[in-house]
Chemist: 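A single structure is presented below for examination.
In what follows, chains carry the letters A, B, and so on, assigned in the order in which the sequence lines appear, proteins first and then strands, with residues in each chain numbered from 1.
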Amino acid sequence: MNEVQTDTTREQIHPRPDYGRVFLTFARNSLVRDMTFRSNFIIETISSLSWMFMNLGFYLLIFSYTNVIGVATGWTQYQFFVFFATVAIVNSLVQTFFMPNAQEFSEMIRTGNLDFALLKPIDTQFLISLQKVNWSGLGNTGFALLLLVFSLGKLYSEQAGFRIYPIQMILYPFYIVCGITILYSLMIALSATSVWLGRNQSLYNFWFYITNFSRYPMEIYGGPSGDARRWIGQSLKSFFSYCIPVLLAVNVPARLLAKPLDPNNLSLALYAVFGTVVSFSVSRMFFYRALRSYRSTGS
Amino acid sequence: MSQITWKDDRALLATLQGKIATWGTILRICIEERLVYRGDFALGTLMRFLPIVTQIFLWGSIFQNVAGKIAGYTYDNIIAYYLLTMVARAFSSMPGLASGIAGEIRDGSVKKYLIQPIDMIGFLLLNRVAHKLVYYGVAIGPFALVFFLCRSFFPSAPPMETIIAFSASLFMSFLLGFFLEAAIGLIGFWFLEVSSLLFVYMLFNFFFSGHMFPLDVLPYPWNYVFEAMPLQYLAYFPAAVWLGKIEGDQLISALWIEAAWILFFIVICRVAFRRGVRRYSGFGG
Amino acid sequence: MQSSLLGSRSLNSYNRAMETICIEGLRKTYRIYRKREGLKASIKGLFRREYRTVEAVRGIDLSVDQGEFVAFLGPNGAGKTTTLKLLSGVISPTSGTARVLGHIPWRRENAYRRRFALVMGQKNQLWWDLPAQESFRLHQQIYRIDPHDFATRRDELVDLLEVRQLLGQPVRELSLGERMKMELIAALLHSPEVLFLDEPTIGLDVVAQHNIQNFLRYYQQLKKISILLTSHYMKDVVALCNRVVIVAQGVIIHDGSLAGIVDRFSGHKVITLQFADHNLPHDLEKYGEIIEEQPPRIKLRVEKQNVTSSLGAILQRHPIEDVSVEDLPLEQVIAEMFSIARQGHPHELETSSTSDS
């Protein structure tokens, strides 16, 4: 009896774990792990960086043939590089914090190791989504930040009337977080489908294909009137802005810095907040729905 | 004397028949195994075309400001190029091959090839053929649909010789892709953790095979550097052949060079496997 | 028993105080995709899938009191592990109820998850590439264990299991037995009141098995916690549990003491006869089955009700130097029980259904 009583009081004193500290421990443990496999870590950092250089090279190539993407879209070279840097920041942060976990999640469902996660007195989605940190992804974030600052500097010195206001500096990180949340929500929902599909490599890959749409300025989704591209592009743009808002994940923060005067910005920015909240809530519902169907195989 | 030779021949024929039957069974089992994962197949095939959609729009925007051609490519050419590299990749890409080999080496299940009278590379090749056959069976539908929808990017069919050379380059891209990736997987005999190496390979493959853009768009001397590497045969080369970028003697010699690369990687696989096994049994692992 | 003395209300509250686990009519059925043999069938499988229903647990009732150490025995696929997973809330049942410490496990309330632990011999929850102590620290934070309590308990457990010098080694470098000890420490750090152990000694050598058994016995008596254990090793069960629940084909076929099994399920006894010389008589088969023949000794398996009469007859007719009557060995009785259970029911109840999903 005594034992039970003390436990109840213990329960009342510590109603829930300190999520911040738990996350720090995850990050710390992952760093310790990454440092034990140092050569792997270095190779991964360098190869993700070279992936970014190759992409940058590709766009430099394109800008050697044209000075703007699309007609009167405002995406000249350095404005586009602001966009590209934003793509890299959002994606590298998703890769650092969520990608290893979403991948692992599918694997845990397949092997039955999800059992242990379900026993812990902590939010299961939190535990599943954040327990590993892939520190090598941060190399890209660093480089992307440098590119961002460099491109903004170029625009500031070469384009008349280009200014950065404090409000932009505050809103940019906010919308980066929104963008990450949108991409994460899609990712965790897709990897949760392995509960029903078993081996689900393809649905997880689906994430890469869908988010591929988010890597370009939304103005490209259109075409000359009379061409099929026009209505297909319009439909894609609407679908990936309003139904699955991946197009907003990068476009909203990037426009905020590169094209602050665009008249569409306000409505897009407002919708992005709404889209983030809805994406996250839907993915959370989906996640817990999947856990209920979990069968714990592979004993 | 002749009696004996005749007997030998018959015995040889019998073992050959036995071998063919064994390989046939393996092929059938592999096909069955692949068919089980139907959801993966249907979805996987459709999804592969999604990046093409963005390419169509991206290049559409770029060509709005460019009159005529970029490095000899019209807008139609560029899109046709991407579609054709999809066909080439359907032959040359080997998902999970190298990591599978490395994994089997790491967890010791490679031993089964040493105990059973099956050649590992041969078995994996058949497995891959089965995989591809089933894949084409399912993928032909989506491919036909996409090419029908995008027929305007292909103004006219190339001459017969080009189509033959294109088919040959596809078949060879399958072999090259297979032996190249198998060779990388066999590195697992020497380095237990090859995942980061594979990551690097995938990265370079995507870029240097011409999957991202036509290699001849690159400025001199980079276009020559990239075209000297075997990776270009996995995507760029078949597409360039179809589009008539490589013709005549140049085409013939390029096909011979591709054959030489295949032979080179077959030899590499053989040697690496033999040495790897020796090293492996040396561990007593 | 006591119920006649107590009113119904006080009976309920009495039960609630003592009863840790209460299961009623628990069932769990799965639907699995049935793969047919042959190429044609595989292609068919692309469009139409056949499923079969497997009843892993088919209605289990069980009540465990505080401080009991209960063993779950049964052949592979009997439903032992499924039951433990249901009780730890990893999966939800198809029907039936269960309460552990007053909680419904599959609601996965944090309040419940703080009070029990599950250890599985075939899976590990520690970070593979890190020293075990890092995983322990993570547990401290997830369970929000008071730093002082954490240090005391960890030191106590580490000393009991004698693994102090291994704390700093990456888990992947530990032996299976050492890893199991670390798993146990991780599971006990938050001082659970109920412990579920699924095959904790699987794959371990005799010494490691013995160590783990000793630890479990000591710890259970010290803390008076309730433990539910599944195991393949009779030795685990004999060493640890006073109560045995035998599950076969998803139902409980015995619940009671270990000795009770032999009384209840074995209709035979073993008579060992020692003759004066090596010439054994040839008519012994009529009394029972000969299990072992090593002149001058012979072992007979005789039906229980015939033991006295057979023994009398043999003693009268033959010169016997020594005689003993014993129960059948426990393993043998249980093996027999399982095979009877298996014959009694088809292995999987196949209610096949087709679906186009």
Side-chain angles (χ1 to χ4, degrees), chain A residues 1-4 6-37 40 108 111-124 126-127 131-132 195-198 288 291-299, chain C residues 17 28 30-33 56 66 77 81-82 85-86 88-92 101-102 106 108-118 120 122-131 134-135 137-146 149 170 186-187 190-193 196 198-199 223-225 357:
Chain A
M1 278 308 281
N2 244 343
E3 182 77 21
V4 176
T6 43
D7 271 359
T8 335
T9 33
R10 192 174 69 188
E11 199 69 44
Q12 282 154 358
I13 298 164
H14 303 298
R16 59 201 206 94
D18 180 342
Y19 284 87
R21 289 193 56 185
V22 173
F23 176 69
L24 282 181
T25 310
F26 287 154
R28 190 180 151 276
N29 282 0
S30 303
L31 191 65
V32 172
R33 185 186 171 278
D34 277 352
M35 288 304 117
T36 22
F37 302 103
N40 249 29
M108 284 163 95
T111 58
N113 270 330
L114 185 60
D115 292 3
F116 289 116
L118 294 173
L119 305 177
K120 300 286 187 300
I122 192 167
D123 185 85
T124 310
F126 171 84
L127 182 71
Q131 59 178 329
K132 294 216 165 122
V195 162
W196 298 285
L197 298 183
Y288 279 98
L291 288 191
R292 275 205 297 282
S293 305
Y294 173 60
R295 295 193 341 192
S296 176
T297 45
S299 73
Chain C
K28 178 71 185 174
Y30 290 117
R31 215 168 64 129
I32 349 181
Y33 167 48
Q66 198 203 318
T81 306
T82 310
K85 283 178 178 169
L86 284 164
S88 41
V90 169
I91 49 176
S92 316
L101 300 164
W106 42 90
R108 295 182 193 143
E109 295 157 271
N110 283 351
Y112 173 54
R113 297 198 284 198
R114 286 169 181 285
R115 296 175 67 186
F116 80 98
L118 168 69
M120 289 183 272
Q122 310 211 16
K123 291 181 187 170
N124 57 305
Q125 63 164 333
L126 303 172
W127 279 48
W128 192 244
D129 297 311
L130 293 184
E134 307 295 336
S135 292
R137 192 161 312 155
L138 188 62
H139 269 250
Q140 181 204 347
Q141 263 147 23
I142 289 177
Y143 285 90
R144 206 113 196 235
I145 307 166
D146 173 81
D149 290 355
H190 63 284
S191 183
E193 295 155 61
F196 302 122
D198 189 24
E199 309 271 1
K223 306 277 174 178
K224 298 276 177 283
I225 59 175
S357 69

Chemist: Output all residues satisfying salt bridge (Lys or Arg N to Asp or Glu O under 4.0 Å) with A:K120, sequence neighbours left out; order by chain, then residue number.
Modeler: none
Chemist: How close do C:L118 and A:F116 get, counting heavy atoms only, and between which atoms?
Modeler: O-CE2, 3.9 Å
Chemist: Which heavy atom in A:N113 sits nearest to a heavy atom in C:K123, and how many Å separate them?
Modeler: OD1-CD, 3.5 Å
Chemist: State, to 0.1 Å, how close A:R295 and C:Y30 come at their nearest heavy-atom pair, and which atoms those are.
Modeler: O-OH, 3.4 Å
Chemist: Between A:Y294 and C:I91, which heavy-atom pair has the shortest distance, and what is it?
Modeler: O-CG2, 3.4 Å
Chemist: I need the C:D129 CG to A:S30 OG distance, nearest 0.5 Å.
Modeler: 10.5 Å
Chemist: Could you report the tightest heavy-atom contact between A:N29 and C:E134, atom names first, then the distance?
Modeler: OD1-OE1, 3.6 Å
Chemist: Can you list everything that forms a side chain to side chain contact (heavy atoms under 4.5 Å, CB included) with A:A27? Sequence neighbours excluded, please.
Modeler: A:V133, A:W135
Chemist: Please state whether the side chain, the backbone, both or neither of C:I142 comes within less than 4.5 Å of a heavy atom of chain A.
Modeler: both
Chemist: So do A:F26 and C:Q141 actually touch side chain to side chain, heavy atoms under 4.5 Å?
Modeler: no
Chemist: Closer than 3.5 angstrom, by distance alone: can the side chain of C:R113 be matched with the main-chain N or O of A:I122 as a donor-acceptor pair?
Modeler: yes
Chemist: What are the two closest heavy atoms between C:V90 and A:D115, and how far apart are they?
Modeler: CG1-OD1, 3.2 Å
Chemist: Looking at chain A, which one of C:Q125, C:E199, C:Q140, C:H139 has the largest number of heavy-atom pairs inside 4.5 Å, strictly under?
Modeler: C:Q125
Chemist: Do you know which of A:L291, A:D18, A:L118 has the most heavy-atom pairs with chain C at a distance under 4.5 angstrom?
Modeler: A:L118
